[in-house]
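To keep things clear, I will list the structure first and then write my remarks on it.
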2 protein chains.
Amino acid sequence: MEASTEDKILNAAREVFTRKGFAATRMQEIADQAGINKGLLHYYFRNKNKLFHAVFDEAFDQFILRINEVFAADMPLFEKIDAFVSQYMAILIANPALPSFVINELNQKGEAFVKELMSRKNKPNPLPLIGQIQMEVQAGRIREVNPFHLVLNMISLCVFPFVARPLFQGIAQVDDETYLNLMESRKPEIIDFIHNAIRV
Amino acid sequence: MEASTEDKILNAAREVFTRKGFAATRMQEIADQAGINKGLLHYYFRNKNKLFHAVFDEAFDQFILRINEVFAADMPLFEKIDAFVSQYMAILIANPALPSFVINELNQKGEAFVKELMSRKNKPNPLPLIGQIQMEVQAGRIREVNPFHLVLNMISLCVFPFVARPLFQGIAQVDDETYLNLMESRKPEIIDFIHNAIRV
DNA sequence: GTCTATAGGTAGATAGAC
DNA sequence: GTCTATCTACCTATAGAC
């Protein structure tokens with residue numbers, strides 16, 4: 001079963017854009033990677049921008065929207081924290097280059113790009129989780145934490161090791177497989193860390 | 001007191017490279033920003049790569065090496081955590097674009113770039129801190145945490161909100177000043193969070 | 001749909017006047 | 001040291017044959 005030309009292009013574009021970023025990516029490199037002619041890229045996607053958006057929008061959804069699912073779910077706070085960490089870390093381990101791709105482009109494309117994206121896409125919505133945390137604090141079931149910062153902490157602990165991966169991997173001198181194993185062992189470590197940080 | 005031409009170039013290059021990244025930066029834009037002629041960039045720095053390295057190496061040092069100072073200091077663990085968070089957050093609040101610049105380039109420039117950098121520069125050395133954590137665990141003075149992950153947690157909690165700033169600021173709909181105030185209020189919040197997470 | 005050839009524009013770098 | 005003008009290379013995008 002051979003992939004269609006359009007899929008070959010998308011697969012190649014995903015790989016190259018993710019690795020080099022929009023500005024450093026050359027249409028020629030995508031064509032080579034896909035094993036097809038450069039002209040075909042324009043036949044299927046008209047220009048570099050449109051091809052980029054096909055790749056980026058998909059990555060953005062994967063990176064962002066999964067968060068909402070867990071945040072809005074109807075379950076006790078501690079369970080929700082566990083579910084978020086283990087499910088989200090699993091997504092990141094399966095797609096380790098995703099966060100840096102999305103975040104790099106958001107940083108480099110400028111304010112207008114971010115604003116346009118936010119208006120076009122479903123934004124992540126941390127409010128259900130923040131409300132839930134507030135209630136737990138008021139009921140005295142967890143420590144007095146700032147709910148906004150707690151949410152930020154949860155996300156930071158999961159995502160940052162992937163964004164800063166070249167740095168940490170360069171320092172620790174470990175190969176890709178070892179690093180991803182470290183991330184796997186990180187799941188229970190993060191869950192413990194958060195539990196102890198907020199319990200009364 | 002007028003800045004020298006070389007300083008004008010460096011200031012402009014810092015601003016543009018930091019905002020757009022190496023690949024998207026145009027020598028013309030740096031010249032415009034500096035209010036000088038494009039040819040002068042080559043007179044002072046010969047080519048784009050050399051100018052970039054003048055800016056990047058400085059940023060890398062600022063971002064990385066300050067960590068070592070605190071990590072290697074001779075003080076009790078809880079004090080050290082407090083010192084790290086408050087001092088490092090202060091650096092980041094004063095230079096909010098620093099982490100994303102360094103991390104983006106490390107991600108996009110590829111393995112050879114990172115490897116060359118690591119061999120040329122003093123690497124961050126977390127070993128003194130990791131050793132100290134191990135001793136505290138063995139003495140039963142803190143909970144049984146994995147020292148490697150604890151160090152990773154400390155850094156993640158401080159740095160990630162700056163790397164993902166466009167995302168969070170886009171979601172929270174706050175202006176630059178408000179966001180930096182949030183980061184200021186974050187210092188004690190992180191310190192509390194870590195203390196509670198590791199104390200027995 | 002897929003290829004080749006090329007147009008059109010832009011960026012980095014250099015030459016040379018002042 | 002600083003400027004203008006220009007070279008050369010490359011990259012996106014299009015035109016047109018098959």
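A note on names: the letters A, B, ... follow the listed sequences, proteins ahead of strands, and every chain is numbered from 1.
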Nearest-Å distance for atom pair [atom1]/[atom2], residues [X] and [N]:
{"X": "A:Y44", "N": "D:dA13", "atom1": "OH", "atom2": "C1'", "value": "18 Å"}
{"X": "B:H42", "N": "D:dC7", "atom1": "NE2", "atom2": "C1'", "value": "13 Å"}
{"X": "B:M27", "N": "D:dA9", "atom1": "CE", "atom2": "P", "value": "19 Å"}
{"X": "A:N37", "N": "D:dA15", "atom1": "CG", "atom2": "P", "value": "16 Å"}
{"X": "A:K38", "N": "D:dA15", "atom1": "NZ", "atom2": "P", "value": "15 Å"}
{"X": "A:E29", "N": "D:dC11", "atom1": "CD", "atom2": "C1'", "value": "13 Å"}

Just checking B:S4: base, sugar-phosphate only, or nothing, at a heavy-atom cut-off of under 4.0 Å? nothing
Using a 4.0 Å heavy-atom cut-off across all strands, classify B:Y43 as base, sugar-phosphate, or nothing. base
Without hydrogens or angle criteria, can the side chains of [X] and [Y] be said to hold a donor-acceptor pair below 3.5 Å?
{"X": "B:N196", "Y": "B:R143", "result": "no"}
{"X": "A:Q33", "Y": "A:N11", "result": "no"}
{"X": "A:T178", "Y": "A:D175", "result": "yes"}

For B:K115, is there an ion pair with B:E111 - N to carboxylate O distance below 4.0 angstrom? no
Main-chain N/O of B:N146 paired with A:E189 side-chain donor or acceptor, under 3.5 Å: yes
Ordered by number, residues from residues 6-22 of chain B within less than 4.0 Å of DNA chain C (heavy atoms) are none
Between residues 45-60 of chain A and DNA chain C, which residues have a heavy-atom gap below 4.0 Å? none
Quick one: closest heavy-atom pair of A:L117 and A:L106, and the distance? CD2-CD2, 3.9 Å
Is it true that A:F113 and A:F22 have ring centroids separated by less than 6.0 Å? no
Check: B:F71 ring centroid to B:F84 ring centroid under 6.0 Å: yes
Under a criterion of less than 4.0 angstrom to any heavy atom of chain A, what are the 5'-terminal and 3'-terminal contacting nucleotides of DNA chain C? C:dG1 to C:dT4
Check the orientation of B:H195 and B:F78. Use parallel for under 30°, tilted for 30 to 60°, and perpendicular for over 60°. perpendicular
Are B:K109 and B:F56 in a cation-pi setup, meaning NZ or CZ lies under 6.0 angstrom from the ring centre and within 45 degrees of the ring axis? no
CE (B:M75) with more than 12 external heavy atoms under 6.0 Å: yes
